[in-house]
Amino acid sequence: MAIGGGSIGGGTARPTPQQPSQDMSEPTPSSSASASPEAEILAALGTRLVVLVGMMGAGKSTIGRRLAARLHLPFLDADTEIEAAAGMAIPEIFEIHGEPHFRDGEARVIARLLEGGPAVLATGGGSFMREETRRRVSDKAVSIWLKADADIIMRRVKRRADRPLLQTADPAATVGRLIDEREPLYQRADITVASRDVPHDKIVDECIEALHARLCGQAAPPEAAAGIMGALR
């Protein structure tokens, strides 16, 4: 079904990055003793993206922007790109066309973004449930699950009215049900980092450490162990 003059995600052009990228035509060699962890991660990523998955309220957009800045990569938010493609807000898409239509468009948008080269991509909470999306992420990206407990999620989302799946009589019960349904699939992400009430930069540091451990073969320092869980599958 067409929305706003075309189907969600039907275009092929890559969107304008929300965070300017740095010229990486000559990345710092990973073997250099002076190379930073960020430079080594960039060299090891090649054309892949870093994709953040997890529940609503886990901090994917907030952490994603800061992580992209640290890596000098564009930041992309799948929900923002879906709204741009549809010409309407996500709650409107749910209300007018229903969740199945939204999920189909979401999968097309993410597939397009994954073809655009290196970036940090924050995805919607339900996107990783679709097998074809998980397969594309596995092929084109390194995935990080930002794992957040139910109480943290509720504190972060309770004041927002733009969460269609929480427009229920008992939002806390809905969050609990979604966690039970989704966590077995979130666990398939390459890296898991605990999203909790600490400074954002600490979570970003742990993402950098886990990415470096996975891509560059070096273990994360002991002090990161409390936040990084299952850095390698």
Side-chain angles (χ1 to χ4, degrees), residues 1-19 49-65 68 74-116 119-134 136-137 141 143-146 148 150 152-179 181-183 185-186 189 195:
M1 180 183 299
I3 301 180
S7 62
I8 304 175
T12 58
R14 182 177 178 180
T16 301
Q18 300 174 28
Q19 176 74 30
L49 292 80
V50 176
V51 172
L52 303 180
V53 305
M55 285 286 293
M56 65 186 85
K60 299 184 297 292
S61 295
T62 302
I63 299 302
R65 287 187 182 92
F75 172 72
L76 303 169
D77 188 304
D79 284 351
T80 300
E81 300 302 332
I82 290 166
E83 291 181 334
M88 64 178 67
I90 287 174
E92 293 179 288
I93 301 173
F94 268 77
E95 181 179 357
I96 296 171
H97 299 285
E99 184 175 0
H101 177 92
F102 170 79
R103 296 300 176 194
D104 289 343
E106 178 181 54
R108 289 194 296 272
V109 167
I110 291 174
R112 170 167 55 83
L113 296 175
L114 287 170
E115 294 295 331
V120 175
L121 170 63
T123 62
S127 62
F128 209 58
M129 301 304 99
R130 184 170 288 218
E131 182 180 1
E132 65 179 291
T133 296
R134 293 196 304 275
R136 287 189 174 111
V137 169
S143 52
I144 300 176
W145 172 26
L146 292 182
I152 290 177
I153 291 170
M154 286 305 301
R155 285 202 303 272
R156 293 175 178 175
V157 305
K158 66 182 179 181
R159 294 186 179 89
R160 298 185 59 174
D162 60 346
R163 306 287 188 177
L165 295 182
L166 294 188
Q167 305 307 306
T168 64
D170 189 349
T174 300
V175 166
R177 175 180 58 80
L178 290 172
I179 288 174
E181 291 175 355
R182 292 175 176 181
E183 284 202 349
L185 294 175
Y186 290 153
S195 178

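We number each residue from 1, following the sequence as shown. Just the heavy atoms: all of them, side chains too, but no hydrogens, waters or symmetry mates, feed the values below.
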So, taking the atom named CE in M88 and the one named CD1 in I96, what distance separates them when rounded to the nearest 0.5 Å? 4.5 Å
Is there a donor-acceptor contact under 3.5 Å from the side chain of K60 to the main chain of G54? yes
So, the side chain of Y186 versus the backbone of I179: is there a donor-acceptor pair under 3.5 Å, distance only? no
Working to the nearest 0.5 angstrom, can you tell me the gap between E132 CD and I110 CD1? 9.5 Å
Checking the side chain of T62 only, and the main-chain atoms of G59 only, is there a donor and an acceptor separated by less than 3.5 Å? no
For F128 and A189 the tightest heavy-atom approach is CE2-N, 4.1 Å
Side chains of L185 and R182: does their closest heavy-atom pair fall under 4.5 Å? no
Which atom of L113 lies closest to which atom of A78, heavy atoms considered: CD1-CA, 4.3 Å
The single option from T123, D79, T80, D77 that satisfies side chain to side chain donor-acceptor pair (under 3.5 Å) with S61 is D77
Just verifying a value: how many Å separate R108 CZ and T133 OG1, rounded to the nearest 0.5 Å? 11.0 Å
Is the number of heavy atoms from other residues, nucleotides or ligands within 6.0 Å of CD (E183) greater than 12? yes
Does any N or O in the side chain of S195 come within less than 3.5 Å of the main-chain N or O of A58, such that one atom is a donor and the other an acceptor? yes
Pairing residues for R134 by the side-chain hydrogen bond (donor to acceptor under 3.5 Å, both in side chains) criterion, not counting sequence neighbours: none
CD (E131) with more than 12 external heavy atoms under 6.0 Å: no
Do F102 and I82 come close enough that some side-chain heavy atom pair is under 4.5 Å? yes
Single hit among L52, L76, V137, V53 for side chain to side chain contact (heavy atoms under 4.5 Å, CB included) with L121: L76
Does E106 pair with R103 as a salt bridge, N-O distance under 4.0 Å? yes
CE on M55 to CD on E181, rounded to 0.5 Å: 9.5 Å
Distance (rounded to the nearest 0.5 Å) between E81 CD and E83 CD: 10.0 Å
Straight-line distance of L49 CG to E115 CD, nearest 0.5 Å: 9.5 Å
